[in-house]
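Residue numbers start from 1 in every chain, and the chains themselves are labelled A, B, ... in the order their sequence lines are given, proteins ahead of strands.
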Amino acid sequence: MPNPFDKKYKFQQIEEKWKKFWEREKLFSFNSNSRKPLFSVDTPPPYVSADHLHVGHIMSYAQAEFIVRYKRMRGFNVFYPMGFDDNGLPTERFVEKKYKLDKSKIKRSDFIKICLKETQKGAQNYKKLWCNLGISVDWNKTYSTISPLATKVSQWSIIDLYKKGFLYRKKSPILWCPFCKTAIAQADLEDKTVKSKMNYIRFKIKDKKVTIATTRPELLPACVALYVNPKDKRYLDLVGKKVQVPLFKNWVPVKTSPEVVMEKGTGIMMVCTWGDQEDLAKWKTDKLETKALLGKDGRLNKLGGKYQGLKIETARREIIADLKKSKALIKQEEIEHSLNVHERCGTPVELIQSKQWFIKIAGLKKKWFEYGKKINWYPAEMEKNYRLWVDSLKWDWCVSRQRYYGTPFPLWYCAKCKTPIFAREKDLPVNPTEDKPPLKKCPHCGHDKFEPETDVLETWATSSCTPFLIKELAGKKEIKEKIFPVSLRPNAFEIIRTWDFYSIVKSHYHFGKPPFKNVMVSGHGQDEQGRKISKRLNNYVPSDRLLNDWGADAIRYWATGASLGQNLRFNSKEIKKGRRTTTKLWNVGRFLAINSEDYNFKAGKTPQGLEHADFWIIKELNLTIEKVTEAFESYDYAKAKNELDAFFWSKFADYYIELVKYRLNGKAGRSKTASQFTLFNVFLAILKMYAPLLPFITEEIYQDLFKKIERVKSIHLSSWPEKIKVKSALNTKDFQKAIDAIDEIRKYKTSQGISLGSELAEYSLKTKINLAKYKKLVKNAIKVKKLL
RNA sequence: GGGCAGUUAGCUCAGCUGGUUAGAGCGUCUGCUUGACGUGCAGAAGGUCAUAGGUCCGAGUCCUAUACUGCCCACCA
């Protein structure tokens, strides 16, 4: 507290104190009986498997929290739960890596146990970080994505989608990760630039020969056609004929397509089942033969002949060697191109044929665009990001994963006719490998044996349910309905295409409503050089050390540095500035404490005798309240901070306080009381506006100076400042002249090496001011005995 | 190749719907130990606002190209 004897602001102790106070008093608990308007937040559940917490995590959660604290002070009943994502592939891979486990050698149930143990640890780490950072969530309202509640909700979602006809199972070409050995979705893909050998291979046709170029000669046994452009004069005579594939000797037709680019390669496109999206497109439209070559293990099957059982890369090497021997390989050159890889492991993705569950999303672009428009995006450009993704959709959403750890599909198959039997809603959550199906006999064939579905739901199939999952945490039924659609969805830009999009999809199918009203999209925290923070680069300071070294307020201050959607470099200078700001607030608090004698502060009562300086700072304050409020309303905490800083430092601290010191040090009376009134009220408003950004220091000062007046438990439960109403004809421009005059004398003193504290005997002003009005003020504020 | 964003002082960035001498913080230099604050205060230096055109009485701000940077999407012939 601003004890005049305690000169330094000890942030560690003070932040610890208020953190405990907030927890003990349950300050941020959701009140389901409140009549205030509701503001619900669907916070991204972080992957608990992240064991390296850094400024990036701090930045994105702090930015959303600025808005939440602001809304709370604006009188909203805030519903702010926290989730932890301990579901799915990332967790599995984390555990595999950490314990160096081979899943084929460990029991499924044992593996899951380890996953659960690890994720609990992770959740604790996060909770500690969020508490230390002052993230004001209601810790009684938490969920984990593997919990019974989350499982129940996501299983319900699957069943509902099936009933409504948007979920289907189909054998079709799918994206497959040979490393993780699971199906994946389009959204799981990432680009990676690689160097490959472009191989020019000779195909035989009777007595003639054709050359095609490919980077994937191992797919030769799966070759089903060659395509040329119909306008390509070089190959006119080939069209309609059959050519023979080297080594494998199978004959394939030569077809035409205007999409074939004559300049690419040799102008001939080899279509296999399936090398890439183009192959797949041709296979679909022209109903080409199916020669599925690759197995789920990423090896060639028997179609590969003597290469059967080889991994893709090995087969490629050997086939190239054999092509060389048989003189079918005529040229090789290195090229750089990019591949689709699985974002979780970096393995190039393959297309294989498999039976999977899909949710219908392709072909509904118009619908998804409409939803994009219904939602407010902050910043607004982010809607384009969403549109771009929707526009690139090619596949339905594959939601089944051939993994261990995740939400089970709530279904069984008839052992005889394979009819799927879904769980009943009242039995949820279910685990089909342990639980029994709800029927004794198959309704289709009457058979009485069933097999459980062992696939699990992909991560996003669960996460996309959070908007209607969190309402289950709210309690009363009436409140639940008000929570959805949620008010705010904060997230980083890279999960627009997954979390945001899939939530929209599900919300549309289940409820015909958007899942959230507002999205605020944050950028990334980066290192000093603007690089992504990563464990590999080792370019970060762990978050607990950061908080320990600088304090939460200072780091939160840094986090205000980037506008929404912008990346922000880690910058210790900005953190220092944050610490300076807390120190300054602390010192102003001390100054007020020292100068509170003879003053009986009563809120709302404007005393007589306000002077020019008082009117001026009140006018400036009112303007600042307006600007800061407007900025927060549009989620622009960066602008709010800039406005606040400018007012607090350059107007209030640098000038107003200097202008009234002589009155405070003078005799008790109207002038002194008026300056105290102004000082206290303006500072209270400043504290309140800083409170969402710097919750600890503002709480400290509030508790000491203002709690007894406002009688509110905490600044964070107090109301947002309102303009101070005063009647004044003060001309701000005119007053500014008086400030210019003070500046002029300051400059003079500095240039003469005179201390600002010592009194000048006489000074003749160049700045033209209204001396009659401001002479006394200027003389006293800058200490000049005689002013001309 | 397509899209989006950016390019303003040595560094990190503000500059809303175009309007007098372009701003802040940090850094640098100079001075001041003022009765809240040396984790401070005051002052100074420092920019042809990426480049080239254009619209306009007037452009950092609008338009068109170009270059570079970052991100997203497509690209395995």
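Heavy atoms of G275(A) sit under 4.0 angstrom from at least one base atom. Residue contacts shown for T583(A) include a base, since a base heavy atom lies under 4.0 Å away. Residue I657(A) is classed as a base contact, given a heavy-atom separation below 4.0 Å to a base. Using a 4.0 Å heavy-atom distance criterion, L339(A) is classed as a base contact. Counting non-hydrogen atoms under 4.0 angstrom, V349(A) reaches a base of the nucleic acid. Residue contacts for R580(A): at a heavy-atom cut-off of 4.0 Å it reaches the sugar-phosphate backbone alone, with no base atom in range. Within the nucleic acid shown, E658(A) comes within 4.0 Å of at least one base atom, counting heavy atoms only. A646(A) comes within 4.0 angstrom of nothing in the nucleic acid, heavy atoms only. Residue contacts for D279(A): at a heavy-atom cut-off of 4.0 Å it reaches no nucleic acid atom on any strand shown. Nucleic acid contact for V260(A): base, since at least one base atom lies under 4.0 Å from a heavy atom of the residue. Among the atoms of the strands shown, base atoms are found under 4.0 Å from some heavy atom of T215(A). In this structure, W558(A) reaches neither bases nor backbone, as no heavy-atom distance under 4.0 Å exists between it and the strands shown. When heavy atoms are screened at a 4.0 angstrom cut-off, K576(A) is found touching no nucleic acid atom at all.
A distance of about 13 Å separates the C1' atoms of C63(B) and G18(B), rounded to the whole Å. For the P atoms, the distance linking G70(B) with C13(B) amounts to 14 Å, nearest Å. Nucleotides U34(B) and C41(B) are separated by 14 Å at their P atoms, to the nearest Å.
A cation-pi geometry, defined here as NZ or CZ lying under 6.0 Å from the six-membered ring centre and within 45° of its normal, does not hold between R387(A) and F501(A). Relative to the ring axis of W649(A), R580(A) places its NZ or CZ within 45° and under 6.0 Å from the centre. A cation-pi contact, defined as under 6.0 Å to the ring centre and within 45° of the axis, is absent between K584(A) and F648(A). A cation-pi contact, defined as under 6.0 Å to the ring centre and within 45° of the axis, is absent between R579(A) and F11(A). Both the sub-6.0 Å distance and the 45° axial angle are satisfied by K282(A) relative to the ring of Y227(A).
Counting only distance, with no hydrogens or angles, the side chain of D527(A) and the backbone of I533(A) share no donor-acceptor pair below 3.5 Å.
With distances taken from any side-chain atom of K264(A) to the nucleotides A77(B), G3(B), A14(B), the minimum falls on A77(B).
Here the P atom of nucleotide A77(B) and the CZ atom of F203(A) are 13 Å apart, to the nearest Å. Whole-Å rounding puts the F647(A) CZ to G23(B) P distance at 22 Å. For the pair K651(A) NZ and A24(B) C1', the computed distance is 13 Å after rounding to whole Å. Here the P atom of nucleotide G40(B) and the CZ atom of F591(A) are 18 Å apart, to the nearest Å. Here C4(B) presents its P atom at 12 Å from CG of D391(A), a figure rounded to the nearest Å.
Pairing for U48(B) is absent, with no Watson-Crick or G-U wobble pair whose two atom distances lie under 3.5 Å. Across all strands shown, the partner of A24(B) is U12(B), judged by Watson-Crick or G-U wobble contacts whose two distances both fall under 3.5 Å. If you check G40(B) for Watson-Crick or wobble pairing at under 3.5 angstrom, you find it paired to C32(B). C71(B) is paired with G3(B) under the criterion used here, namely a Watson-Crick or G-U wobble arrangement in which both key atom distances are under 3.5 Å. Base pairing of G60(B): no nucleotide in any strand meets the Watson-Crick or G-U wobble criterion (both distances under 3.5 Å).
On a pure distance criterion of 3.5 Å, no polar donor-acceptor pair joins the side chain of K384(A) and the base of C4(B).
Between Y748(A) and Y763(A), a ring centre-to-centre spacing shorter than 6.0 Å is recorded.
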